[in-house]
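Written below as structure tokens is the structure these notes are about.
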Amino acid sequence: MRTKLMPFTAGRSLTRRTLLSALAASNLAAICPARAWEDDERAEAASSAIDAPKLIIGGGPDSLPGQVAPILATALAKGLAAPSPIATHYDLGRDGVTAANLFDTVSPEADGGTTILAPGAALIASLAGDGRVHFDFSRWAALIMARRPVVTIARAELHRTIRSRLSGLFHDRPVRLAVSHPTGVELASLLGLSLLGLHPLPVSGYATKKAALDALKNGDVDAVQLTPGPGDDLSADIASAPQGIKPIFYSGPVIPGVPDFEATYLMARGHAPSGALYQSWLAVANAAASALVLALPMLTPPLAVARWRHAAQEAVNDPALKSWNDSQHLTITAGADAAPLLNQLEPELTALLALRRWINNNQPRWRQGQETRPT
């Protein structure tokens, strides 16, 4: 007699067909959410794609940002995998203030594709309260920070008699410092010498390193601020400087054999530097050492920021960009690690006010050819 098959119910053993059907349903349930999640992820990535990336350049084609812009734009485009090349907008000025003002009008929530490549001079102009400045770099999200050393060199007698000058024994003449203009990139040296008690006098009109060094050799000035350029060897320049000229202090990446500001101050004053004006010097010195900053607006959508950070990290490994950076003696930090370096350029409000008060008190004196007062 045949046994009649009964329909499957709880407690009965599974038939082969029932078992296969149950497994298929189970696998489908597991696969569908994964596929849905992957589809959502692809859609989200596509929505964050940078369709029309732009680069606002703080300078003309012959400026430092302008020289590297084509190389950087090409390297960034590879990292972004953008459907179109990066559009570049050059600023006719040299200190990047006009470009930074333009960049500050960008709406980050609606855009997400506009970056700025600014020189340190623009940041110093902001710190100094330059009347042309309408931007706030504290609202920038750094993608790349390119830094280089800055050294203040001067006649050796300044170094040897610094204690005497601080004790008030020498008031015969101020320390003449070659500058492009008093609140330009040489502000780091001007304020630093003032903190050391050397009563510097900015002598304007020296826009190039050669002009400043020639003035130093001819005795027209007593101190010069140096940064390395293409083919330069800063240590060799210091070693081969005319007799009687020595480094006083540096900022930025380490220069072997040159004291940092804190060491020089300790030697001169007998204690470590402190106070609001010193804190402002730290910000100005770091800005002077910041050759280039690539940044987004702070409120750029997070997915767009992540894409740009990835592109920045890829770009700095591009052979052409690495070669250019090496020729300029730049130390490069990219991606999320760049943000803390930009933060170092943002002093507390007390320090910022102290800096601007110091500048406002001394600008009338500088216009009249008088030495700097320390406070």
Atom pair CD1/CD of Ile153 and Gln225 - distance to nearest 0.5 Å: 10.5 Å

His134 side, atom NE2; Asp104 side, atom CG - distance, nearest 0.5 Å: 10.5 Å

Pairwise distance CG(Leu213) to CD1(Ile245) - rounded to 0.5 angstrom: 7.5 Å

Shortest non-hydrogen separation from Glu186 to His181 and the atoms involved: OE1-O, 3.8 Å

Pair Glu262, Tyr278: side-chain N/O donor-acceptor within cut-off below 3.5 Å: yes

Derivation and outcome, side-chain contact (heavy atoms from CB on, under 4.5 Å), residues Leu127 and Leu355: CA-CA 8 Å; Leu127 291 169; Leu355 172 65; 4.2 Å; yes

All side-chain hydrogen bond (donor to acceptor under 3.5 Å, both in side chains) counterparts of Thr372, not counting sequence neighbours: Trp366

Close side-chain approach of Phe261 and Leu195, heavy atoms under 4.5 Å: yes

Salt bridge flag under 4.0 Å for residues Asp220 and Arg176: no

Verdict with reasoning, Leu201 to Gln370, per side-chain contact (heavy atoms from CB on, under 4.5 Å): CA-CA 6 Å; Leu201 168 62; Gln370 299 175 358; 5.7 Å; no

Minimal non-hydrogen separation, Arg132 against Asp95, with atom names: NH2-OD2, 2.6 Å

Spacing of CD1 belonging to Ile56 relative to CG belonging to Asn101, to within rounding of 0.5 Å: 10.5 Å

Minimum heavy-atom distance Ala287-Ile124, with the two atoms named: CB-CG1, 3.6 Å

Atom pair CD1/CG of Ile86 and Leu76 - distance to nearest 0.5 Å: 4.5 Å

Residue of the set Asp91, Leu143, Leu294 for which side chain to side chain contact (heavy atoms under 4.5 Å, CB included) holds with Leu117: Leu294

4.5 Å side-chain heavy-atom contact, Leu177 and Asp222: no

Residues, nucleotides or ligands: over 12 heavy atoms within 6.0 Å of Glu348 CD: no

Distance-minimising heavy-atom pair for Leu190 and Pro200: O-CG, 3.4 Å

Donor-acceptor under 3.5 Å (Trp140 side chain, Val293 main chain): no

Heavy-atom check, side chain of Asp318 versus side chain of Lys78, under 4.5 Å: yes

Closest non-hydrogen atom pair, Phe249 against Thr264: CB-OG1, 4.0 Å

Sidechain-backbone polar pair: Arg373 side chain, Trp358 backbone, donor-acceptor under 3.5 Å: no

Hydrophobic cluster identity match, Tyr206 and Val150, side-chain contacts under 4.5 Å: no

Side-chain donor or acceptor of Ser323 paired with backbone N/O of Pro319 under 3.5 Å: no

Non-neighbouring partners of Ser63 that pass side-chain hydrogen bond (donor to acceptor under 3.5 Å, both in side chains), sequence neighbours left out: none

Hphob cluster co-occupancy, Leu349 + Leu282, side-chain heavy atoms under 4.5 angstrom: no

Residues in side-chain hydrogen bond (donor to acceptor under 3.5 Å, both in side chains) contact with Asp232, at least two apart in sequence or another chain: Lys209

Flag, side chain of Asn362 to backbone of Arg365, donor-acceptor distance under 3.5 Å: no

ring-ring contact (aromatic ring centres under 6.0 Å, His included) pairs, two or more places apart, involving residues 282-336: none

Side chains of Thr350 and Leu352 in contact at under 4.5 Å (non-hydrogen atoms): no

pair Val68-Leu292: side-chain heavy atoms closer than 4.5 Å: yes

Sidechain-backbone polar pair: Asn360 side chain, Arg356 backbone, donor-acceptor under 3.5 Å: yes

Interatomic spacing from OG in Ser251 to CZ in Arg148 - rounded to 0.5 Å: 11.0 Å

Pairs satisfying salt bridge (charged side-chain N to carboxylate O under 4.0 Å, His left out), at least one member in residues 323-336, at least two apart: none

Min side-chain heavy-atom separation Phe103-Pro297 under 4.5 Å: yes

Arg155/Lys246 under side-chain contact (heavy atoms from CB on, under 4.5 Å): CA gap, chis, key distance, verdict: CA-CA 6 Å; Arg155 299 191 182 283; Lys246 300 292 181 183; over 6 Å; no

For Val224 against Ala178, the heavy-atom pair lying closest together: CG2-CB, 4.2 Å

Arg307 side chain vs Leu80 backbone, donor-acceptor pair below 3.5 Å: yes

Pair Ile255-Ser235, side-chain contact (heavy atoms from CB on, under 4.5 Å): steps then yes or no: CA-CA 7 Å; Ile255 305 175; Ser235 296; 4.2 Å; yes

Beyond-backbone contact of Thr115 with Lys54, side-chain heavy atoms, under 4.5 angstrom: no

Which donor-acceptor pairs under 3.5 Å do the side chains of residues 333-344 make with protein atoms, sequence neighbours left out?
| from | atom 1 | to | atom 2 | distance (Å) |
| --- | --- | --- | --- | --- |
| Asn343 | ND2 | Ala339 | O | 3.4 |

pair Phe137-Glu346: side-chain heavy atoms closer than 4.5 Å: yes

Transitive ILVMFWY side-chain link Tyr90 to Leu92, under 4.5 Å: no

